[in-house]
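Naming: A, B, ... by sequence-line order, numbering from 1 per chain.
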Amino acid sequence: MAKKEEDVKLLGFWASPFSGRVKMALKLKGVSYEYLEQDIVDKSALLLELNPVFKKVPVLVHEGKILAESHLILEYIDQTWKNNPILPQDPYEKAMARFWAKFVDEQVGPVCFKSVAKPDKGIEVAIEEGQELITFLEKELTGKDFFGGKTIGFLDLVAGSMIPFCIARGWEGMGINMIPEEKFPELNRWIKNLSDIEIVRECIPHREKQIEHMMKVAERIKLA
Amino acid sequence: MADEVILLDLWASMFGMRTRIALAEKKIKYHYREQDIENKSSLLLEMNPVHKKIPVLIHNGKPVCESLIQVEYIDETWPRENPLLPSDPYQRAHAKFWGDFIDKKVNVTARKIWATKGEEKEASKELIEILKTLEAELGEKHYFGGETFGYVDIALIGFYSWFGVYDKFGNMSIESECSKLVAWAKRCLQRESVAKALPESEKVTAFIYQCLGLE
């Protein structure tokens, strides 16, 4: 356990799902930390110094060690603080969690938000393509309370921060019904389960502010 | 129970090479099944329905997709022989960071050199910059992880067999711009696992010429 708050620092951005999931992980482990909100447009000298390669949040600093890339930060947190495990022990289960987490960030995020904000092939096609991807996650959830089983795990933190509490708010702002209950009963149930968890609720951005933010992001995408 | 390991792959894939090297480093016996990516097999589509891509590692009937995820899986499943990742959490994160960097940057840029028309010059410049960043990370070390061959070396080395393609289409010489990196690659090729996994540069170049319908 970290002895002083200053041992752990997190550079993040309030609306970023990548920062959000790290906050959830630290809270899950009961780790105290100093949070440093970043301006992601006018980047601080500190951010550029700590993450010169990608210049992005989140960045975790622990006892002088600097870590970037949210999935790697989550794994580091899991290996450093052993209570409330985030990743499963079994190598195959771990590989699956990593695979789906990559899928969420690299496919679901971009396709289900960017392509919907700027639908080159029309909005119906964009929604259809998005739903095709989300169906894979729906299947993964079948019969489970969470992706991690009975309790939240790595994929819940990644998908939770990205889907219901980030891009879904964008869908709400755009008036898009991407994951209707009839088509995605498991996912909707999972979102309700997640919303009941204190550490999740405490680490997600304010709903109305997030919707406003996502609409601004959507505008930028349209103009690009 | 004996392990059954199958690898669905394509000989020229720098991603498949990673998995082949990792299996060889661990001395794991496996069945190699060359895939036709123009005419995808039902097994490939069944084992990787999400991306429909190689490589796919099938261990006792269960598929693992994505080459770096496969390398880590191999390391965790057969931990005793030749560890590929450090056990220290920070060192581990550091290695995976660079693996991730390679995945995000190298192929996306390198592909533009031979697969597009008109973007080669800019893409070549960008690739050299990316390789120089990797060269700086390597520094004076023998391998990316220090004295032992590991994850980051495995992540990058397959691309070396494609340097001939990038040089030809990009009208450049990677060796003259990144001599330390090429020296590292030649060191890696001294390892049996790497020598067996990497095809000859000329063969890859001929393959690309064939794909593009060039003489």
Side-chain angles (χ1 to χ4, degrees), chain A residues 8 18 22 29 50-56 58-82 86-108 111 132-140 154, chain B residues 3 5 19 22 26 47-53 55-79 84-106 108 129-130 132-134 136-137 151-152:
Chain A
V8 184
F18 310 101
V22 176
K29 301 283 187 173
L50 297 182
N51 190 1
V53 176
F54 293 115
K55 307 173 175 54
K56 285 181 175 179
V59 178
L60 188 81
V61 186
H62 176 222
E63 292 173 348
K65 293 174 280 194
I66 304 159
L67 294 117
E69 295 298 295
S70 64
H71 295 197
L72 303 183
I73 296 172
L74 291 186
E75 294 213 29
Y76 174 82
I77 290 169
D78 201 34
Q79 289 155 30
T80 305
W81 292 279
K82 307 279 192 192
I86 293 171
L87 272 161
Q89 284 296 313
D90 172 66
Y92 187 75
E93 305 283 314
K94 258 195 245 196
M96 287 298 101
R98 288 170 181 143
F99 173 83
W100 289 116
K102 194 171 184 216
F103 173 73
V104 164
D105 278 358
E106 291 182 9
Q107 309 276 115
V108 178
V111 173
E132 248 179 66
L133 295 184
I134 298 173
T135 303
F136 285 112
L137 296 174
E138 176 77 8
K139 288 196 183 123
E140 272 309 295
F154 186 76
Chain B
D3 278 316
V5 182
T19 314
K26 299 285 187 176
M47 292 287 139
N48 191 359
V50 177
H51 302 295
K52 307 176 177 59
K53 284 183 176 179
V56 181
L57 182 73
I58 310 171
H59 182 206
N60 294 333
K62 295 193 288 192
V64 181
C65 304
E66 298 295 307
S67 56
L68 289 183
I69 294 179
Q70 290 163 356
V71 172
E72 196 168 2
Y73 173 78
I74 290 165
D75 198 39
E76 288 171 342
T77 304
W78 294 281
L84 304 175
L85 274 158
S87 49
D88 170 70
Y90 177 66
Q91 297 299 334
R92 205 176 176 87
H94 189 83
K96 288 179 74 169
F97 174 87
W98 287 103
D100 198 52
F101 174 84
I102 291 162
D103 259 0
K104 282 189 164 93
K105 297 277 191 178
V106 181
V108 173
E129 264 175 54
I130 292 165
K132 279 195 195 290
T133 303
L134 288 164
E137 171 56 25
Y151 184 87
V152 183

Chain B contact via Phe99(A) - which portion, at a heavy-atom distance below 4.5 Å: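 Contact with chain B is through both the backbone and side chain of Phe99(A).
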Structural part of Lys65(A) lying under 4.5 Å from a heavy atom of chain B: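 Both the backbone and the side chain of Lys65(A) come within 4.5 Å of chain B.
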Contacting region of His51(B) [heavy-atom separation from chain A under 4.5 Å]: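 Just its side chain gets close to chain A.
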Chain A contact via Trp78(B) - side chain, backbone, both or neither, heavy atoms under 4.5 Å: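 Looking at Trp78(B), nothing touches chain A.
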For [X] versus [Y], what's the shortest heavy-atom pair and its separation?
| X | Y | result |
| --- | --- | --- |
| Leu67(A) | Ala93(B) | CD2-CB, 3.3 Å |
| Pro49(B) | Phe136(A) | O-CZ, 3.8 Å |
| Tyr92(A) | Pro63(B) | OH-O, 2.8 Å |
| Arg98(A) | Ile69(B) | C-CD1, 3.7 Å |

NZ/Lys53(B): more than 12 non-hydrogen atoms of other groups inside 6.0 Å: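 Open.
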Any side-chain heavy-atom pair of Glu69(A) and Lys104(B) under 4.5 Å: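 Counting from C-beta outward, Glu69(A) and Lys104(B) do come under 4.5 Å.
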Phe97(B)-His71(A) aromatic ring centre distance below 6.0 Å: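 Aromatic pair excluded; centres sit 6.0 Å or further apart.
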So how far is it from [X] [atom1] to [Y] [atom2], rounded to the nearest 0.5 Å?
| X | Y | atom1 | atom2 | answer |
| --- | --- | --- | --- | --- |
| Ile66(A) | Tyr90(B) | CD1 | OH | 6.0 Å |
| Thr80(A) | Asp88(B) | OG1 | CG | 8.0 Å |
| Tyr76(A) | Lys96(B) | OH | NZ | 14.5 Å |

Cation-pi geometry met for Lys105(B) and Phe54(A) (6.0 Å, 45°):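 Checked: cation-pi criterion not met.
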Salt bridge (Lys or Arg N to Asp or Glu O under 4.0 Å) between Arg92(B) and Glu75(A), intermediate numbers included: CA-CA 9 Å; Arg92(B) 205 176 176 87; Glu75(A) 294 213 29; 5.5 Å; no
Set of ring-ring contact (aromatic ring centres under 6.0 Å, His included) partners for Phe18(A), sequence neighbours left out: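 Here no residue qualifies.
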Side-chain ion pair, Lys62(B) and Glu93(A), N-O less than 4.0 Å: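 No, Lys62(B) and Glu93(A) are not salt-bridged.
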Sorted by number, residues from residues 100-107 of chain A in contact with chain B (heavy atoms, under 4.5 Å):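 At a heavy-atom separation under 4.5 Å, chain B is reached by Trp100(A), Lys102(A), Phe103(A), Gln107(A).
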